[in-house]
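Data block below; observations after.
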Amino acid sequence: MDAVLCPTRGAEFRRGVKAGVPIALGYFAVSFSLGIAARRAGITAWQGFLFSALGLASAGEYAAFTVVAAAGTYLEMALVTLVANARYLLMSCAMSQRMAPGTPLIHRLGMGYLITDELFAVTIAQPGYLSPWYMYGAGAVAAPGWAVGTSLGILAGQLLPGRLVSALSVALYGMFLAVIVPAAREKRVVAVLVGASFLLSWCAGVLPGLSALSAGSRTILLTLLIAGAAAALRPVEEARDAE
């Protein structure tokens with residue numbers, strides 16, 4: 001079975017490692033800023049390492065740290081991370097269609113664990129059936145870079161002056177801006193939704209009733225409300241053409 005799935009496992013693994021090195025460098029820089037945010041939420045370096053090693057999700061982890069900082073419940077954390085990481089469900093479905101028939105469950109689970117935006121992109125771009133060993137190679141360097149970067153960010157937050165820590169924490173917001181600004185410039189509807197999200201988030205934090213909710217509950221509510229309204233008012237064009 002392994003020979004059918006990947007005739008040259010070692011070669012595929014090495015190719016994956018080569019593709020994963022630049023991803024690991026990028027992950028380290030971003031997760032360092034994430035570690036600063038985790039430190040502000042009271043997360044220790046070891047806890048942060050486990051968070052990142054098991055989660056591998058910047059938006060999901062930041063949402064979880066927000067819930068921790070707000071002393072939210074486990075249910076709120078589960079819901080907010082589910083919403084923040086929902087895109088990985090779609091990536092998993094897309095990747096499953098490219099796996100060789102009869103791929104063992106252990107490989108499917110391993111590849112599912114390693115799905116991130118970047119690892120998914122480099123793996124799905126490979127021709128033919130997807131090799132688990134290619135993704136394992138990429139993840140073998142990218143995942144440690146993410147987890148170690150988070151821990152070092154937390155340690156830096158403990159050692160550096162408060163003003164410098166506050167300045168470094170802004171880098172994480174810069175990462176999110178780098179994600180949404182290009183999409184907003186390309187599509188006006190995305191720009192409108194981004195602006196509406198900022199406005200509604202501020203309103204939810206000051207309006208009576210909504211402001212009494214925890215930060216995690218407000219995030220879940222606004223995400224479902226805005227995403228649902230956008231899907232109803234402006235469905236994806238490809239889906240509309242298919243109808």
Nearest-0.5 Å distance that lies between atom [atom1] in [X] and atom [atom2] in [Y]:
{"X": "Tyr113", "Y": "Leu119", "atom1": "OH", "atom2": "CG", "value": "10.0 Å"}
{"X": "Glu118", "Y": "Trp146", "atom1": "CD", "atom2": "CH2", "value": "8.5 Å"}
{"X": "Phe65", "Y": "Met77", "atom1": "CZ", "atom2": "CE", "value": "8.5 Å"}
{"X": "Leu82", "Y": "Leu89", "atom1": "CG", "atom2": "CG", "value": "7.0 Å"}

Which residues pass the side-chain contact (heavy atoms from CB on, under 4.5 Å) test with [X], sequence neighbours left out?
{"X": "Phe49", "answer": "Trp46, Ala53, Ala147, Val148, Ser151"}
{"X": "Ala143", "answer": "Leu56"}
{"X": "Ala19", "answer": "Tyr134"}
{"X": "Leu79", "answer": "Leu75, Ile220"}

Are any of the side-chain heavy atoms of [X] and [Y] separated by less than 4.5 Å?
{"X": "Tyr27", "Y": "Thr116", "value": "yes"}
{"X": "Tyr129", "Y": "Pro101", "value": "yes"}
{"X": "Asp117", "Y": "Tyr88", "value": "yes"}
{"X": "Met135", "Y": "Leu130", "value": "no"}

| said: Let me check something: do Leu50 and Phe28 share a hydrophobic cluster, defined by ILVMFWY side-chain heavy atoms less than 4.5 Å apart, either directly or through other members? | reply: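 Per the 4.5 Å side-chain linkage, Leu50 and Phe28 are co-clustered.
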| query | Do Glu12 and Arg15 sit within salt-bridge range, that is, some charged N less than 4.0 Å from a carboxylate O? | reply | yes
| For Tyr136, what residues pass the side chain to side chain donor-acceptor pair (under 3.5 Å) criterion, not counting sequence neighbours? |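 For Tyr136 the side chain to side chain donor-acceptor pair (under 3.5 Å) partners, ignoring immediate neighbours, are His107.
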| query | Apart from Leu109 itself, which Ile, Leu, Val, Met, Phe, Trp or Tyr residues share its cluster (side-chain heavy atoms under 4.5 Å, direct or through members)? | reply | Leu105
| query | Are any side-chain N or O atoms of Arg98 and backbone N or O atoms of Thr123, one a donor and one an acceptor, separated by less than 3.5 Å? | reply | no
